[in-house]
Protein chains: 2
Amino acid sequence: MDVSLLKSPLSREMPSGKREQTKIQNRQLILDAARQVFAELGYGATTVRDIIRATPLASGTFYNYFKSKEEVFQAIRDEVAIAIRPRLHEERMKANTVEEFISCTFRTFFEYVSDDRVNFHAIRHTADNTRIRMDTPEVIAGFEELRSDIESAIAKGLFPPIDADFLMAAIVGVAFELGERMLGREPHDPVAAAKFATALFLGGLRTLPYAVERGVNTGSA
Amino acid sequence: MDVSLLKSPLSREMPSGKREQTKIQNRQLILDAARQVFAELGYGATTVRDIIRATPLASGTFYNYFKSKEEVFQAIRDEVAIAIRPRLHEERMKANTVEEFISCTFRTFFEYVSDDRVNFHAIRHTADNTRIRMDTPEVIAGFEELRSDIESAIAKGLFPPIDADFLMAAIVGVAFELGERMLGREPHDPVAAAKFATALFLGGLRTLPYAVERGVNTGSA
DNA sequence: ATGAAAATTGACGAGGCGTCACGAGGGGGG
DNA sequence: CCCCCCTCGTGACGCCTCGTCAATTTTCAT
């Protein structure tokens, strides 16, 4: 009696039961298979069957974990968003100037994108010349956090009282688009991309670093 | 595939044969139905069958015109790109200063987006919280044209010798992302969006117009 | 050991996919 | 004006994927 009362509440902390373990494992199996298949066939062409075929599981099992391939895709994106969001927030919190706020945001983002090839390769190219962008709740939360950080910075007097929503959108747009371009260049140069974006936001066109070689930025205005 | 180019040399001028007419008509029937169905169900959930069902045609006929729903989507996007590209290019050609180059690019783009509700509504909302961006050859050509215009402007001394590729990407990113935000606000204010984007590119954060009301921009630094 | 709860399995009906043989009907030649 | 040819619309077909569900296996608690 005493034991059973103690055991069940305590066991909540550690989900080390066989049941929980295989559940976690199966989920990961599906996610890994999906990453691989998405990267190979492209998101559009991939079917749920393709994913489970790349797995020892049966077709029905898939639906115990995800509702559709969209949901798998979302989960993969969420992983990325969850990994990068705290880093960005933390960096921005440390910022004492506009320069730091902007530069650390871009630097952190581009470096993460450059590093985490697996996920981004799975997400990037889809079918011929189509690009997908899925704003999952986690990703949207990241956007909102950026906006809220901007608003805090405005309140602190760091930023002038500009439209935080538009500024957030502009940062997001530049980050994603420039990130894409950066991944298309060899070698990846997150620092150059961050320099470019930072200079753009801090001083506009006239302070952008000059191009010195084919598609590589250095120097400054 | 451009039908008019493949036709016999003489009939190029006037495709008034009954055959050519129904061909054009059927294509348009499919495109219109697709616009409607995409807007209703979202791109992801739409099937080729849904499109032809919204049409008096038979299922097989669809494949005489398009290979897949992706191709229909591309065709719709291409229409938009073809409509807007010459406008943008023309405006930029008239620009004598950096200010004009940037401001007319954004102004024209945002005004077009705000006006052409039909196509953008068909393209915008997809399934729950997913966004699709398809870079068709025409759209990519629009990007390339922007880059080439930037390069020309650099050659003319209008711009400093910055990385045209990155600048193009930044403009594209801000245009699409801010456009999305603009469409989410009521009423649409393409001028405010253009002002914001232009100020950002010309002078950076410090010259952005101040926010005076909930999500509406006026004034300047 | 045993029964209940939970999770996996794969077969199933529904329905979409792309194809193809057929037939209708434009269009050019006589 | 007619007729044949050839293009194009048609819808049924075989294949595949979808999401479900009853049966079965696995885990867990007693």
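Quick caveat: nothing in here was measured; it's all calculated off a predicted structure. A, B, ... follow the sequence lines: proteins, then strands. Residue 1 opens every chain.
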Item checked: Contact state string [nucleotides 22-30 of chain C, B base, S sugar-phosphate only, - no protein heavy atom under 4.0 Å] -> ---BBS---
Notebook entry, point to check: Within this structure, what is the CG-to-C1' distance between A:Asp50 and D:dC16, rounded to whole angstrom?
Noted result: 11 Å
Check: Heavy atoms, side chains only, cut-off 4.5 Å: are B:Phe196 and B:Arg181 in contact?
Finding: no
Item checked: A:Lys67 NZ to D:dT20 C1', straight-line distance once rounded to whole Å -> 15 Å
Check: Can you tell which of D:dT17, C:dC17, D:dT10 lies closest to the side chain of B:Tyr63?
Finding: C:dC17
Next item on the list: For B:Ile52 and C:dG15, give me the distance from atom CD1 to atom P, rounded to whole Å.
Entry: 15 Å
Next item on the list: Check the side chains of A:Glu138 and A:Thr136 for a donor-acceptor pair under 3.5 angstrom, ignoring hydrogens and angles.
Entry: no
Next item on the list: Specify the separation, in whole Å, of atom CZ of A:Arg27 and atom P of C:dT8.
Entry: 13 Å
Notebook entry, point to check: Taking for each residue the nucleotide of DNA chain C with the nearest heavy atom, is it A:Ser59 or B:Thr47 whose nucleotide lies nearer the 5' end?
Noted result: A:Ser59
Checklist line | Whole-Å gap separating P (D:dT10) and CG (B:Asn64) | finding: 10 Å
Checklist line | Inter- and intrachain pairs under salt bridge (Lys or Arg N to Asp or Glu O under 4.0 Å), touching residues 36-52 of chain A, at least two apart | finding: A:Asp50-A:Arg53
Check: Any idea which of C:dT9, D:dA12, D:dG11 is nearest the B:Arg49 side chain?
Finding: D:dA12
Notebook entry, point to check: Do the side-chain N or O atoms of A:Asn26 get closer than 4.0 angstrom to the phosphate oxygens (OP1, OP2) of C:dA7?
Noted result: no
Note to self: Treating B:Lys195 as the side-chain partner and B:Ser103 as the backbone partner, does any N or O pair qualify as donor plus acceptor under 3.5 Å?
What the structure shows: no
Margin query: At 4.0 Å (heavy atoms only), tell me whether A:Tyr65 reaches a base, stays on the sugar-phosphate, or touches nothing.
Written below: sugar-phosphate
Notebook entry, point to check: In whole angstroms, how far is the P atom of D:dG9 from the CG atom of B:Leu29?
Noted result: 11 Å
Notebook entry, point to check: How close do B:Lys69 and B:Phe62 get, heavy atom to heavy atom, and via which atoms?
Noted result: N-CZ, 4.3 Å
Note to self: Test ring-ring contact (aromatic ring centres under 6.0 Å, His included) on B:Phe176 and B:Phe109; report intermediate values, then the result.
What the structure shows: CA-CA 9 Å; B:Phe176 275 69; B:Phe109 181 79; 5.7 Å; yes
